[in-house]
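Working notes, structure below.
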Amino acid sequence: MRFEDQQKKMVERHIKMRGITSEKILNAFLKIPRHRFVPDQIKHLSYNDCPLGIGEGQTISQPYIVALMMDLIDIQPEDKVLEIGTGSGYQTALLAELAKEVYTVERIETLLTRAEKLLNEMGYNNIHYKIGDGTIGWAGGYPACSKFDKIIVSAAAPEIPESLIGQLATSGKCIIPTGSRFYQELLIVTKNEEGYVTSYHGGCTFVPLIGEEGWEK
Ligand code: SAM
């Protein structure tokens, strides 16, 4: 089957039929060719609903979980979104379709360089890139930005880094897998005038968020 047909089937079966009904999200998944973000030797697996190795011991996330996380925090066209864990850049492209601006941080330089090159080739001009420790958020990134409407973390932490809460705008939402090294739950932190409220949204398994306010290694 052609990649295009496999992509349509993946969106229908693994995203829409599992309860993601937002047209904006479904259209973004139909637009972004996941196979361009997957290494050559496993491109044939690109439209399976599972994480895949992208080198450096890291993975491109499972499509359904990416869709779920974006749906849960309700990305809006005017949002400034901070993404922690660029990885292949696939989710970055999806976010760039849905939001006004995306600020993405990756700790592994080779991954960030590869993702940035591909996303530039694809014509995105609303993405800003930073190499470094995303547990401290966008601190020191260019252009400077101190508050984000949404923060999406694609690696697992023992708990939400305080720095990320500090960089959420009032009414902003951060979604992050939190728990042990091997099993986590999706935590949403919503900022309000008084502080913040938290809610949990089911189990998942992500690679570790390594850094000052995450796992040590
Ligand atoms: N969503 C990405 C995609 O679509 O390809 C996959 C992200 S992958 C599951 C998690 C990424 O988080 C890895 O590339 C890893 O290097 C990165 N990471 C882990 N700790 C980090 C940190 N402290 N700061 C920034 N990136 C980090």
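Computed from a predicted model, the values in this text were never measured in an experiment. Counting convention: from 1, in listed order, for ligands and their atoms alike. One is the number of the first residue; the rest follow in order along the sequence.
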> Does L111 approach ligand 1 within less than 4.0 angstrom via side chain, backbone, both or neither, non-hydrogen atoms only?
Replying inline: side chain
>> What verdict does the side-chain hydrogen bond (donor to acceptor under 3.5 Å, both in side chains) test give for S154 and Q91, after you've listed the backbone C-alpha separation in whole Å, the side-chain angles of each residue and the deciding distance to 0.1 Å?
In response: CA-CA 9 Å; S154 343; Q91 179 180 267; 3.1 Å; yes
> What is the nearest protein non-hydrogen atom to atom 12 (O) of ligand 1, stated with its residue, atom name and distance?
Replying inline: G85 CA, 3.3 Å
> Does a sphere of radius 6.0 Å around CD in E109 hold more than 12 heavy atoms from other residues, nucleotides or ligands, not counting ones at 6.0 Å or beyond?
Replying inline: no
> How far is atom 24 (N) of ligand 1 from its nearest protein heavy atom, and which residue and atom name does that atom have?
Replying inline: G134 N, 2.7 Å
>> For atom 19 (C) of ligand 1, what is the closest protein heavy atom, and at what distance to 0.1 Å?
In response: P208 O, 3.4 Å
> Nearest to atom 8 (S) of ligand 1 by heavy atom, I131, T59, V105: which?
Replying inline: T59
>> Taking V38's backbone N and O only, do any of them form a donor-acceptor pair with K43's side chain (distance below 3.5 Å, no angle check)?
In response: yes
> Just which atoms of ligand 1 are under 4.0 Å from any heavy atom in I108?
Replying inline: 16 (O)
> Are the side chain of E106 and the backbone of G87 linked by a donor-acceptor contact shorter than 3.5 Å?
Replying inline: yes
>> Is it the case that atom NZ in K31 sees more than 12 heavy atoms from other parts of the structure closer than 6.0 Å?
In response: no
>> Just checking K24: does its NZ atom have more than 12 heavy atoms from other residues, nucleotides or ligands closer to it than 6.0 angstrom?
In response: yes
> Side chain, backbone, both or neither: which part of I60 has a heavy atom under 4.0 Å from ligand 1?
Replying inline: both
>> Give the atom numbers and elements of ligand 1 that come within less than 4.0 Å of a heavy atom of Y90.
In response: 4 (O)
>> Could you identify the single nearest non-hydrogen protein atom to atom 4 (O) of ligand 1 and state the distance to 0.1 Å?
In response: Q91 N, 3.3 Å
> Name the one of R18, K16, K9, R13 that satisfies salt bridge (Lys or Arg N to Asp or Glu O under 4.0 Å) with D49?
Replying inline: R18
>> As a quick check of understanding, evaluate salt bridge (Lys or Arg N to Asp or Glu O under 4.0 Å) for K80 and D149, giving each step before the final call.
In response: CA-CA 5 Å; K80 280 186 180 178; D149 303 298; over 6 Å; no
>> Counting the benzene-type ring for Trp, do Y64 and H14 have ring centres under 6.0 Å apart?
In response: no
>> Among all protein heavy atoms in this structure, tell me which lies nearest to atom 13 (C) of ligand 1, with the distance rounded to 0.1 Å.
In response: Q58 OE1, 3.2 Å
>> Can you confirm whether the side chains of E213 and S163 place a donor and an acceptor under 3.5 Å from each other?
In response: yes
>> If we set the cut-off at 4.0 Å for heavy atoms, which region of P51 has an atom near ligand 1: side chain, backbone, both, or neither?
In response: neither
>> Quick check on contacts: which atoms of ligand 1 are under 4.0 angstrom from a heavy atom of T86?
In response: 2 (C), 3 (C), 5 (O)
>> Need the ligand 1 atom indices (1-based, order shown) with element for anything under 4.0 Å from a heavy-atom of T135.
In response: 23 (N)
> Relative to the heavy atoms of G132, which atoms of ligand 1 are at a distance of less than 4.0 Å?
Replying inline: 24 (N), 25 (C)
>> Could you identify the single nearest non-hydrogen protein atom to atom 1 (N) of ligand 1 and state the distance to 0.1 Å?
In response: S61 OG, 3.3 Å
> Considering only the protein, which heavy-atom contact is closest to atom 23 (N) of ligand 1, and what is its distance?
Replying inline: I210 O, 2.6 Å
> S46 and side-chain contact (heavy atoms from CB on, under 4.5 Å): which partner among H35, M10, Q6, Q7?
Replying inline: H35
> Using 4.0 Å as the upper bound for N to carboxylate O, is an ion pair formed by E12 and K8?
Replying inline: no
>> Could you work out, for atom 14 (O) of ligand 1, the closest of E106, Q62, R34 by heavy-atom distance?
In response: E106
> Quick one: which of S88, G87, S154, A155 has a heavy atom closest to atom 5 (O) of ligand 1?
Replying inline: S88
> Starting from atom 21 (C) of ligand 1, which protein heavy atom do you reach first, and at what distance in Å?
Replying inline: R107 CD, 3.3 Å
